[in-house]
Amino acid sequence: MAPAAREWKGMGTEIRYECPECGHAVSFMPDGAIGAGVLMWILASSVVTAFFLYDKFGPGIIGWTIIALFWLGGGAVYAVDMHRRLRYPVTGAANSAELPKFKSGAPLRRAIGWIERLGFLGAPLVILAIMLAFLAIAVAIGFIGEALSN
């Protein structure tokens, strides 16, 4: 399977791969989109788990059901994409970064495309770095505001 085209689908892109011998085509999410999605799944499921476990009486049967649905449901979404990746290995010489880029002037689309091209581990690391930078700026603003008010 070799990359043939990049298509915009909703809030991300899909890369269409084609077999050069038989012509079979399949579409995948880019590795960066899968990595970023896994990060968001883990963060959201952790927040939901912490929210339900914070109760002094425990989450109860409904709480445990919701926690399980978050963890298993989110994992199932990305397990399907990872299974397709393993079933159809990319063996072509073309690199997904060499595929045509979108001509869209929308900054959000350009940012999403950039994140998707970072790879399975690169995209979550960049997203975590951006989140930490925002938190550091917020802490600095709060610290300066508190220091000036005294």
Is W114 linked to L121 within one hydrophobic cluster, defined over Ile, Leu, Val, Met, Phe, Trp and Tyr using a side-chain heavy-atom separation of less than 4.5 Å? no
Would you say CD1 of I62 has more than 12 non-hydrogen atoms from neighbouring residues, nucleotides or ligands within 6.0 angstrom? no
Separation of I67 CD1 from S46 OG (nearest 0.5 Å): 10.5 Å
Any chance you could measure F143, atom CZ, to L148, atom CG, to the nearest 0.5 Å? 10.0 Å
State, yes or no, whether a side-chain contact exists between V80 and H83 at a heavy-atom distance under 4.5 Å. no
Using the side chain to side chain contact (heavy atoms under 4.5 Å, CB included) definition, which of the options I144, V139, I137 pairs with I141? I137
Please check this pair: side chain of W41 against backbone of F70, looking for a donor-acceptor N/O pair closer than 3.5 Å. yes
Any link between L69 and V47 through a network of hydrophobic side chains (Ile, Leu, Val, Met, Phe, Trp, Tyr) touching at under 4.5 Å? no
Verify the cluster assignment for L39 and V126: are they in a single hydrophobic cluster under the rule of side-chain heavy atoms below 4.5 Å apart? yes
Identify whether I42 and Y78 are in the same connected component of the hydrophobic contact network (ILVMFWY, side-chain heavy atoms under 4.5 Å). yes
Check residues 22-34 and write down every donor-acceptor pair under 3.5 Å in which the side-chain atom is one partner and the other belongs to a residue at least two apart or another chain.
{"unit_1": "D31", "atom_1": "OD1", "unit_2": "R85", "atom_2": "NE", "d": "3.2"}
{"unit_1": "D31", "atom_1": "OD1", "unit_2": "R85", "atom_2": "NH2", "d": "3.0"}

Charged N to carboxylate O below 4.0 Å: is that the case for R16 and E18? yes
Straight-line distance of L118 CG to I127 CD1, nearest 0.5 Å: 8.5 Å
Got W71 and V48 here, is their nearest side-chain heavy-atom distance under 4.5 Å? no
Can you tell me if S149 uses its side chain to pair, donor with acceptor, with the backbone of E146 under 3.5 Å? yes
Rounding to 0.5 Å, atoms CD1 (I130) and CD1 (I115) come to a distance of 5.0 Å
If I compare all heavy atoms of G35 with all of P124, which pair ends up nearest, and what's the gap? O-CG, 3.3 Å
Kindly indicate whether the side chain of L53, heavy atoms from C-beta on, has any atom under 4.5 Å from the side chain of P59. yes
